[in-house]
Amino acid sequence: ACTERTSIMPFHTWFLGDHRAHVIDLNTLSTFGDEHYETSRVKSRGIQIHDPRRVEQYIETAHEQLNYHKVFDKLDIMSDMLDKDRWTRFWERQYGKLDKTITECILSVATKLNKSTSTRYEWSPEIKQAVSCFRYWTLRLKRDRQITVSEQILTTE
């Protein structure tokens, strides 16, 4: 059996949100055939946008970053190595490096887009105030439910 232990953590233990963390402790020798694999922290879900203009900008910027780092070319080479049964530990390391590059590109794009605000369509002062009010009371409700919300977030909106 590959599974050593499992557990379900209480709400708000490791991350804020309305989900409970599920933990699975695997035996790496049984699961992967090796004693140890490098582990990394779980990343947040990243950008969650619904505005089509922002989605398009996100996709374009991500493609620019991935092309700059020649990710698609490297994936083609790795795919060929796999198809020709020439996959070795070297290619596993290269795959790990490429995965890290892809993650960093995506996070970089998300960070850049989150810092900017769209001004293509001007919102009326009434709508801006209503959105701000809604956000404030949503945060206050979270705080009342014992979810950590910093005072700075409440006062800057």
Side-chain angles (χ1 to χ4, degrees), residues 1-123 131 134-135 138-139 141-142 145-150 152-153 156-157:
C2 298
T3 305
E4 298 279 341
R5 293 177 284 278
T6 62
S7 65
I8 300 173
M9 303 303 292
F11 285 106
H12 319 297
T13 304
W14 289 341
F15 53 88
L16 300 177
D18 57 346
H19 302 310
R20 295 174 68 174
H22 294 246
V23 180
I24 302 171
D25 187 9
L26 299 173
N27 179 313
T28 56
L29 184 59
S30 299
T31 307
F32 305 111
D34 197 353
E35 284 295 325
H36 183 273
Y37 270 77
E38 183 178 332
T39 57
S40 60
R41 285 191 66 136
V42 176
K43 301 290 182 183
S44 67
R45 286 186 265 174
I47 193 166
Q48 294 182 0
I49 50 177
H50 304 288
D51 181 348
R53 296 168 289 139
R54 301 289 298 260
V55 171
E56 189 62 35
Q57 183 183 10
Y58 176 82
I59 292 169
E60 287 175 12
T61 309
H63 268 264
E64 288 172 9
Q65 285 285 318
L66 296 173
N67 282 328
Y68 176 80
H69 290 283
K70 299 183 173 118
V71 168
F72 300 112
D73 296 338
K74 293 174 184 176
L75 281 173
D76 288 340
I77 293 169
M78 288 181 189
S79 179
D80 287 344
M81 290 296 149
L82 193 59
D83 290 343
K84 295 175 183 175
D85 288 330
R86 294 175 62 197
W87 192 260
T88 61
R89 290 268 185 200
F90 169 79
W91 290 109
E92 284 181 18
R93 287 189 301 274
Q94 295 303 311
Y95 179 78
K97 290 177 186 177
L98 188 61
D99 182 52
K100 184 177 179 183
T101 301
I102 292 168
T103 302
E104 288 172 354
C105 287
I106 298 304
L107 290 174
S108 169
V109 172
T111 302
K112 287 177 187 173
L113 282 181
N114 283 337
K115 287 182 180 177
S116 65
T117 55
S118 176
T119 58
R120 185 171 177 185
Y121 299 106
E122 287 296 322
W123 296 95
V131 168
F134 176 78
R135 287 182 183 157
T138 302
L139 291 170
L141 182 60
K142 282 185 176 183
R145 292 181 178 162
Q146 306 302 318
I147 300 172
T148 305
V149 177
S150 73
Q152 182 182 6
I153 292 174
T156 56
E157 282 289 319

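All residue numbers in this chain count up from 1 along the given sequence. Bear in mind the structure is a predicted one, so any value in this text is a computation, not a measurement.
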Minimal non-hydrogen separation, Met78 against Trp87, with atom names: O-CZ3, 3.6 Å
Judged by atom type as modelled, is there a donor-acceptor pair below 3.5 Å linking the side chain of Thr103 to the main-chain atoms of Asp99? yes
For Asn67, enumerate each residue passing the side chain to side chain donor-acceptor pair (under 3.5 Å) test, keeping only those at least two apart in sequence or located in another chain. none
Donor-acceptor check, side chain of Arg20 to backbone of Met9, threshold 3.5 angstrom: yes or no? yes
Contacts of Asp73 meeting side-chain contact (heavy atoms from CB on, under 4.5 Å) (sequence neighbours excluded), chain-then-number -> Lys70
Can you sort out the partners of His63 under ring-ring contact (aromatic ring centres under 6.0 Å, His included), two or more places apart, ordered by chain and number? Phe72
By side-chain contact (heavy atoms from CB on, under 4.5 Å), Ser79 pairs with (sequence neighbours left out) Asp83
Taking side-chain contact (heavy atoms from CB on, under 4.5 Å) as the test, write out the residues that go with Glu64, two or more places apart. none
With sequence neighbours excluded, residues passing side chain to side chain donor-acceptor pair (under 3.5 Å) with Glu60: none
Can you measure from OG1 (Thr101) to CD (Gln94) and round to the nearest 0.5 angstrom? 9.5 Å
Between the CG atom in Leu98 and the CD1 atom in Ile77, the distance rounded to the nearest 0.5 Å is 10.0 Å
Listed partners of Asp25 passing side chain to side chain donor-acceptor pair (under 3.5 Å), at least two apart: Arg5
Supply the atom-to-atom distance Ile106 CD1 to Thr61 OG1, rounded to the nearest 0.5 angstrom. 10.0 Å
With sequence neighbours left out, the residues meeting side-chain contact (heavy atoms from CB on, under 4.5 Å) with Leu141 are Arg145
Here the pair of heavy atoms bringing Glu4 nearest to Leu26 is CG-C, 4.1 Å
